[in-house]
Amino acid sequence: MKLGDGNDQDGRLAGQLFDRGGPVIHVRDADADAAGVGVGVGRGVLQRLVERGELTRIATRALIDTKMLAAQSAWGQFRLGPSVSG
């Protein structure tokens, strides 16, 4: 089961953001969506998902689905790092 497949509203919102943004999302992407472009995922939602262990911070302001990260090889996890720059 991927993020957003359950009955949890927070997870569904974040799942929609990941569906559009790819495997790694930056907090600014969620901010832009909250400003009226797209699904509207606030920082509070992302923080709750981090606290529950559903999202993992891989950089100061970058997040990834914890299950997706765990499914990656060591090289795959390392490779995701550059996708958060910019």
Rounded to the nearest 0.5 Å, how far apart are CD1 of Ile58 and NE2 of His26?
10.0 Å
Can you tell me how far the CE atom of Met68 sits from the CD atom of Gln77, to the nearest 0.5 Å?
10.0 Å
I need the minimum non-hydrogen distance between Ala62 and Val24, along with the two atoms involved.
CB-CG1, 4.2 Å
Rounded to the nearest 0.5 Å, how far apart are CG of Leu46 and CG of Leu13?
9.5 Å
Reported OG1-to-CG distance for the pair Thr56 and Leu69, which is rounded to 0.5 angstrom
5.5 Å
Might you point out which heavy atoms bring Arg52 and Leu49 nearest each other, and give the distance in Å?
NH2-CD2, 3.1 Å
If you compare all heavy atoms of Phe18 against all heavy atoms of Leu63, which two are closest, and at what distance to 0.1 Å?
CE2-O, 3.7 Å
To the nearest 0.5 Å, tell me how far Asp10 CG sits from Gln47 CD.
11.5 Å
